[in-house]
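Before I ask anything, let me first share the structure, which is written out below as structure tokens.
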Amino acid sequence: MTNSKFSNLVHSRRSVRKYDSDAAFDHEEVGEALELATLSPNSSNMQMWEFHRVVSEEKRNELAQICMNQNAAKTANELVVFVATSHNWESRAKLNSKIVREAFKGRDDTTAQKALRYYDKIIPFAYKNDRFGVLGLMRKALSIFLGMKEPMIREVSREDLRVCLHKSVSLAAMTFMYAMKDKGYDTCPMEGFDSVRAKRLLGLRRSDQISMIIACGKSADDGVYSQRHRVPTESVIFKH
């Protein structure tokens, strides 16, 4: 295996459960790591995410309780909440449409037409929802019908969109954790939390969905609880 800087970064990153309260910590570097996270790949470049930094001791303590008093949350210097959003899909679609129009200005070929139609027609069709889920059922029926003749995206329901948004947020979270490790800090992604209380604490919208909460700091001597374990690669990597 190549002994590159990135390879060393990946091998050295661990989920740290306890942080050194006496170690130096620069909150500015968290902001820099989050700026790198915004460059992560995401579905249709819609960037349907928000990153909420919990810095104050008071709110960190409150959020740590909401995270079931996990050591990673209680001892972290900062907690970052990664949120999947959907409230602003229309403005993001319009922005992307404007950028595409400028990029394909003066063109009327098939590629240009498809690119323009994507944000003007397909994205609204995918993101629009109604209270009773009728549009979701219509999308599902249409995908089944069109899929009889040619390859067709089948994941078109409201729940499928939710999964799609969380995928994008997770990509940003991984970029953030590698960026933090590159700066000499440790992290721990947490899924064990009371989402209702966390959203209330941060003043999030009802439609917002928390993907994970990431603890940040420098590992204590006993911050990693055990040796890394992974199943054999041949049990998860397949060649076709």
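For clarity, every value in this text was computed on a predicted model and none was experimentally measured.
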(request) May I ask you to decide whether Arg101 forms a salt bridge with Asp120, counting only side-chain N to carboxylate O separations under 4.0 Å? (result) yes

(request) Following the transitive rule for hydrophobic clusters with a side-chain heavy-atom cut-off under 4.5 Å over Ile, Leu, Val, Met, Phe, Trp and Tyr, establish whether Ile122 and Tyr119 coincide in one cluster. (result) yes

(message) If I compare all heavy atoms of Trp89 with all of Lys128, which pair ends up nearest, and what's the gap?
(response) CZ2-CG, 3.6 Å

(message) For Met48 versus Tyr127, what's the shortest heavy-atom pair and its separation?
(response) CG-OH, 3.8 Å

(message) So that I can tick it off, tell me whether Glu78 and Arg60 are bridged by a salt bridge, with the cut-off set at under 4.0 angstrom between side-chain N and carboxylate O.
(response) no

(request) May I have the step-by-step check of side-chain contact (heavy atoms from CB on, under 4.5 Å) for Asn69 and Lys74, ending in yes or no? (result) CA-CA 6 Å; Asn69 281 315; Lys74 289 194 299 182; 3.9 Å; yes

(request) Starting from the C-alpha separation in whole Å, work towards a yes-or-no answer on side-chain contact (heavy atoms from CB on, under 4.5 Å) for Gln113 and Asp109. (result) CA-CA 6 Å; Gln113 291 176 4; Asp109 54 273; over 6 Å; no

Run the side-chain donor-acceptor check on residues 159-176: report pairs under 3.5 Å with partners two or more places apart or on a different chain.
from, atom 1, to, atom 2, distance (Å)
Glu159, OE2, Arg162, NH1, 3.3
Asp160, OD2, Val156, N, 2.9
Asp160, OD2, Ser157, N, 3.0
Asp160, OD2, Ser157, OG, 3.0
Arg162, NE, Gln209, OE1, 2.9
His166, ND1, Ser211, OG, 2.5
His166, NE2, Gln209, OE1, 2.9
Ser168, OG, Ser43, N, 2.9
Ser170, OG, His166, O, 2.8
Thr175, OG1, Ser40, OG, 2.8
Thr175, OG1, Leu171, O, 3.1

(request) Grab the two heavy atoms, one from Thr187 and one from Cys216, that are nearest each other, plus how far apart they are. (result) CG2-SG, 4.3 Å

(request) Inspect the surroundings of CD in Glu234 and state if more than 12 heavy atoms from other residues, nucleotides or ligands are less than 6.0 Å away. (result) yes

(request) Please determine if Lys218 and Asp186 form a salt bridge, counting it only when a charged side-chain N lies under 4.0 Å from a carboxylate O. (result) no

(message) Apply side-chain contact (heavy atoms from CB on, under 4.5 Å) to residues His52 and Val80 and explain how you reach the verdict.
(response) CA-CA 6 Å; His52 292 257; Val80 183; over 6 Å; no

(message) How close do Gln70 and Gly192 get, counting heavy atoms only, and between which atoms?
(response) NE2-O, 2.9 Å

(message) Tell me whether the count of non-hydrogen atoms from other residues, nucleotides or ligands lying under 6.0 Å of CZ in Arg154 goes above 12.
(response) yes

(request) Spell out, yes or no, whether Met212 and Tyr178 are grouped together once hydrophobic residues are joined by side-chain heavy atoms under 4.5 Å, including indirect joins. (result) yes

(message) Within the 3.5 Å criterion, strictly below it, is a donor on Asn45 or Gln47 matched to an acceptor on the partner's side chain?
(response) yes

(message) Same cluster or not: Val83 versus Leu63, using hydrophobic residues (I, L, V, M, F, W, Y) connected whenever any side-chain heavy atoms lie under 4.5 Å apart?
(response) yes

(request) Salt-bridge test for Asp182 and Lys5: reply yes if a basic N is under 4.0 Å from a carboxylate O, no otherwise. (result) yes

(message) Between Tyr185 and Ser219, do the side chains contain a donor N or O and an acceptor N or O under 3.5 Å apart?
(response) no

(message) Can you give me the closest heavy-atom contact between Cys67 and Met190, atom names plus distance?
(response) SG-CE, 4.3 Å

(request) Give a yes or no on whether Asp221 atom CG has more than 12 heavy-atom contacts from other residues, nucleotides or ligands under 6.0 Å away. (result) no

(message) Would you say CD of Glu191 has more than 12 non-hydrogen atoms from neighbouring residues, nucleotides or ligands within 6.0 angstrom?
(response) no

(message) Is it true that, when you exclude Arg228 itself, more than 12 heavy atoms of the residues, nucleotides or ligands shown sit nearer than 6.0 Å to its CZ?
(response) yes

(message) Taking the ring centre of each residue, are Tyr19 and Phe25 less than 6.0 Å apart?
(response) no

(request) Indicate the ring-plane relationship of Phe51 and Phe82, choosing parallel, tilted or perpendicular according to the 30° and 60° boundaries. (result) tilted

(request) Enter the distance from Asn77:CG to Ser21:OG here, rounded to the nearest 0.5 Å. (result) 8.0 Å

(message) Would you say Leu204 ends up clustered with Leu79 if hydrophobic residues are merged whenever their side chains have heavy atoms under 4.5 Å apart, either directly or through other cluster members?
(response) yes

(request) Give the cluster check for Leu116 versus Ile123: same hydrophobic cluster or not, with ILVMFWY residues linked at side-chain heavy-atom distances below 4.5 Å. (result) yes

(message) With a 4.0 Å cut-off on N to O distance, would you call Glu50 and Arg205 a salt bridge?
(response) yes

(message) Let's go through Met177 and Lys181 carefully: what are the C-alpha distance in whole Å and the side-chain angles of both, what is the deciding distance for side-chain contact (heavy atoms from CB on, under 4.5 Å) to 0.1 Å, and is it a yes or a no?
(response) CA-CA 6 Å; Met177 286 187 282; Lys181 189 61 185 175; over 6 Å; no

